[in-house]
Participant: 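What follows is a single structure, and I will ask about it in a moment.
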Amino acid sequence: MDNPQPGQTTHDGGTRVRIHADSRVQRQLRDGPRRRFAAAAGVVAAGAAVVAGELLAGLVSPSLSPLTAVGGAVIDAVPPGVKDWAVALFGTADKAALLAGMGLVIAVIAALAGIMEDRRRHTGVAVVGVFGLVGVAAIATRAQATPAALALPLVTGLMAAVMLRFLIGKLQNWAATPHAGSGEGSSRRRFLQDLAGGAVLTAIGGAVAGAWRGATAGVSEARDRLALPQAASPAPAIPPGAAAGVEGMQPLITPNPDFYRIDTALSVPAADPDTWVLKVTGMVQREVELDLAGLLAKPLAERHITIACVSNPVGGDLIGNARWLGWPVRELLAQAGPLPGADMVLSRSADGWSAGTPLDVLTDSRDALLAVGMNGEPLPLEHGFPVRLVVPGLYGYVSATKWVTELKVTTFADDAGYWTPRGWSERGPIKMSSRIDVPRKGRPVPAGTVMFGGVAWAQHTGIAKVELRVNRGPWRETEFSPGISVDTWYQWKLGVDLGPGQHEVQVRATDLAGKTQDEEQRPVAPDGATGFHTVRVDVRS
Ligand SMILES: Nc1nc2c(c(=O)[nH]1)N[C@H]1C(S)=C(S)[C@@H](COP(=O)(O)O)O[C@H]1N2
Ligand SMILES: [Mo]
C-alpha cells in the first residue's frame with residue numbers, strides 16, 4: 001500500500017520516511033483534496049505523454065499519430081444503420097467534436113488512474129499500460145500502419161506511466177510529511193511545482209503539435225512547388241449567361257476555400273508527391289504503376305464537374321462545382337486491360353478508405369478524371385493532394401476517392417467500398433435535385449417583384465427546365481441559364497410578384513431525358529435524398 005497509513009512505510013524518492021502511528025497525516029492532507037491532486041497528477045501525466053507521442057509521430061509517422069489512429073478506429077467502428085451517426089460522419093464539423101470527446105475520455109481515465117495509483121502502487125500504471133495497448137491495436141487496424149507508428153503508443157504509454165509514478169510519488173511524499181514539520185512546506189511545493197510544470201509543458205507541446213499538424217509536415221510546401229502542366233484538352237468555354245447574376249447566389253464555380261469537405265480522415269493523409277504511386281491491380285491483363293511525374297506527362301483534360309455528397313439533404317450545400325485537371329481514368333484502365341467478368345473498380349486511398357465504382361462508368365465516354373488540379377491549382381491537401389478521382393454523375397462516396405493510391409479491378413460480388421457495409425447503397429448515381437438560394441433564409445423581402453434564384457443538377461444527364469410554384473399554385477417555368485456541360489449544375493432565376501404575408505415556394509427540375517424530379521421526400525440514406533426544396537418567404541407590406 002502506498003497510501004501512507006499510520007505505522008507504514010512509504011517512499012520518498014529513494015528515502016524512506018517513517019510514519020508514526022497517529023493521525024497527523026490525515027489532518028494535513030485530507031482525503032478529498034488528496035484525491036483531487038492524484039487525479040490532476042494522472043491528467044497531467046497522460047496529457048504530457050499524449051502530446052509527446054503526437055510530437056514524436058510528427059517525426060516518424062506524419063500521417064498516423066496515436067490520437068488520429070484511435071479516432072479513425074472509432075470512426076470505422078461506429079455501428080452501421082445508426083443514421084445520425086453516419087450523417088455526422090459524412091458531415092463536415094464532426095472532427096473537432098470527435099477529438100474533443102476523445103480528449104475528455106482520456107482525461108477521465110487518466111484521473112482515475114491517478115487516484116488508483118495513489119491508493120495502490122502499480123494499479124494506475126497498469127491502466128495506462130492497457131491504454132497503450134489499445135493504441136497499438138487501433139494503429140494495427142490502420143492502412144498506413146508502420147512499425148514506427150505501432151511503437152508510438154507503447155512509447156506514449158511508457159512515458160505516461162513514468163510521469164504518473166513520479167508525480168504520485170511526490171504527492172505521497174507530501175502526504176507523508178508531518179504537518180507543521182519543516183519538511184511539509186517544501187514537499188508540498190515540490191509536488192505542486194512538478195504538477196504545474198508538467199501542465200505548462202503539456203500546453204506548450206500541444207500548441208506546437210497542433211500547429212505542426214496544421215502544416216502537415218512538409219506536404220504543403222511540396223504542393224506549393226508543384227507546377228501543373230497545361231491541359232492538352234482545355235475546358236470548354238463557359239457559355240455567356242451561365243451565371244444567372246442574382247445577388248446573393250452562390251458563384252457558378254465554387255472557390256476552393258468554400259468547397260465542401262467530406263471524409264473520414266481525422267488528419268489529412270500526408271501523401272508525399274515524390275513517392276506517390278498509383279497501382280492498377282486485380283482483374284487486369286497487366287498491372288500498371290504510375291508516379292506523379294508520369295501522370296503529369298500524360299495529355300491532361302480540364303473539365304467542369306459538379307460533385308455532390310450522398311448526405312446532402314434537399315436544399316443542402318454538400319455540393320460544389322470546380323474545374324478539374326486530370327487524366328481520363330479510362331486511358332489508364334485501357335493500359336491495364338480489365339479482364340472479362342470485372343464490373344467494379346475499388347479505389348483505395350492512402351488512409352485505407354475505399355469506393356466501389358462501376359467499371360463501365362470509368363470506361364465510357366464521360367470524363368472520369370484522375371485529377372491533380374482544382375480551379376487552376378494543385379488539389380488542396382484536404383481535397384486529395386496529390387491525386388484524387390472525380391467521376392461525373394456519381395455521389396462522392398462511390399467514386400471521388402481522395403489521396404488515391406490503388407485502383408483494384410474487381411467485381412461487386414467480391415468487393416465493397418467503405419460505406420456499403422455501413423448502411424449505404426452499393427451504387428450511388430446522383431439524384432436530380434434543385435435548390436432555392438435567393439431570397440436568403442430568414443430575410444424578409446419587400447412586396448412587389450421578388451427575385452428568386454438557385455441551382456439545379458442532374459449530372460451526366462443535364463437539366464432541361466426548372467419550375468417554381470407559390471403556395472402550391474401552378475408551376476411556372478424559370479429563366480434558365482445555359483449550363484457549362486451536362487456534368488455541372490445549372491443556375492436559374494425568376495421574378496415573382498408577391499403580396500405581403502408568408503408564402504411557400506417550391507422548386508422542381510426536369511432533366512434532358514424528360515424525367516421530372518421526384519416529389520416524394522426520402523432521407524439521405526441509403527442512396528440520396530429526394531423531394532422538392534421548399535422555402536417560406538416573408539413578404540412585408
Ligand atoms: N480518401 C477518402 N476519399 C473520399 C472520402 C473519404 O472519406 N476518404 N469521402 C468521399 C465522400 S463521401 C465525398 S462526398 C467526397 C467529398 O469530396 P470533397 O471533400 O473534395 O468535397 O470525397 C470522397 N472521397
Ligand atoms: Mo459523401
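When reading the values below, keep in mind they use all heavy atoms of this one structure, side chains included, and skip hydrogens, waters and symmetry mates. Only a predicted model underlies this, so the values are computations on that prediction, with no experimental measurement involved. Counting convention: from 1, in listed order, for ligands and their atoms alike.
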Participant: Hey, can you pull the donor-acceptor pairs under 3.5 Å for the side chains in residues 365-380, sequence neighbours left out?
Facilitator:
from, atom 1, to, atom 2, distance (Å)
Arg366, NE, Asp364, OD1, 3.1
Arg366, NE, Asp364, OD2, 3.1
Arg366, NH1, Pro392, O, 2.9
Arg366, NH2, Asp364, OD2, 3.0
Asp367, OD2, Arg303, NE, 2.9
Asn375, OD1, Arg323, N, 2.8
Asn375, ND2, Thr254, O, 2.9
Asn375, ND2, Asn256, OD1, 2.8
Glu377, OE1, Arg223, NH2, 2.8

Participant: Pair up each side-chain donor or acceptor in residues 382-391 with any protein partner under 3.5 Å, not counting sequence neighbours, and list the distances.
Facilitator:
from, atom 1, to, atom 2, distance (Å)
Arg388, NH1, His383, O, 3.3
Arg388, NH2, Ala400, O, 3.1

Participant: Checking the N or O distance criterion of under 3.5 Å, is ligand 1 in contact with Tyr397?
Facilitator: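 Not met; the criterion fails.
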Participant: Give the contacting part of Tyr260 toward ligand 1: side chain, backbone, both or neither, where contact means a heavy-atom distance below 4.0 Å.
Facilitator: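 Contact part for Tyr260 vs ligand 1: both backbone and side chain.
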Participant: Going by distance only, is there an N or O of Arg388 that falls short of 3.5 Å from an N or O of ligand 1?
Facilitator: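 Yes, at least one N or O pair falls under 3.5 Å.
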Participant: Less than 3.5 Å apart, any donor N or O on the side chain of Gln459 or Thr306 sitting next to an acceptor on the other?
Facilitator: no
Participant: Can you list the atoms of ligand 1 that are under 4.0 Å from a heavy atom of Cys309?
Facilitator: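 By the 4.0 Å cutoff, the relevant atoms are 14 (S).
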Participant: Test Ser65 against Glu54 for side chain to side chain donor-acceptor pair (under 3.5 Å), laying out the working first.
Facilitator: CA-CA 6 Å; Ser65 75; Glu54 294 297 294; 2.7 Å; yes
Participant: Heavy-atom contacts with Trp403 under 4.0 Å: which atoms of ligand 1 show up? List them by number with element.
Facilitator: 1 (N), 2 (C)
Participant: So Thr534 and Gln506, side chain to side chain donor-acceptor pair (under 3.5 Å) or not? Walk me through it.
Facilitator: CA-CA 5 Å; Thr534 305; Gln506 292 181 301; 3.0 Å; yes
Participant: Would you say Glu382 and ligand 1 have an N/O pair spaced under 3.5 Å apart?
Facilitator: no
Participant: Please list, in number order, the atoms of ligand 1 under 4.0 Å from a heavy atom of Phe259.
Facilitator: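 Ligand 1 atoms under the 4.0 Å threshold to Phe259: 21 (O).
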Participant: Is there a nitrogen or oxygen of Ala265 sitting under 3.5 Å from a nitrogen or oxygen of ligand 1?
Facilitator: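 By distance alone, the answer is no.
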Participant: Does only the side chain of Tyr418 get under 4.0 Å from ligand 1, or the backbone, or both, or neither? Count heavy atoms.
Facilitator: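 None of Tyr418 does.
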Participant: With a cut-off of 4.0 Å, which atoms of ligand 1 are near a heavy atom of Gly396?
Facilitator: 10 (C), 11 (C), 13 (C), 14 (S), 23 (C)
Participant: Supply the atom-to-atom distance Thr264 OG1 to Lys402 NZ, rounded to the nearest 0.5 angstrom.
Facilitator: 9.0 Å
Participant: Look up atom CD1 in Ile319 and atom CH2 in Trp457, then write down how far apart they are to the nearest 0.5 Å.
Facilitator: 4.0 Å
Participant: Just heavy atoms, cut-off under 4.0 Å: does Ser349 contact ligand 1 by side chain, backbone, both, or neither?
Facilitator: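 The answer is the side chain of Ser349.
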Participant: Can you tell which part of Asp351 has a heavy atom less than 4.0 Å from ligand 1: side chain, backbone, both or neither?
Facilitator: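 For Asp351, only side-chain atoms sit under 4.0 Å from ligand 1.
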Participant: Please report whether ligand 1 has a polar contact with Trp419, defined as an N or O pair separated by less than 3.5 Å (distance criterion only).
Facilitator: no
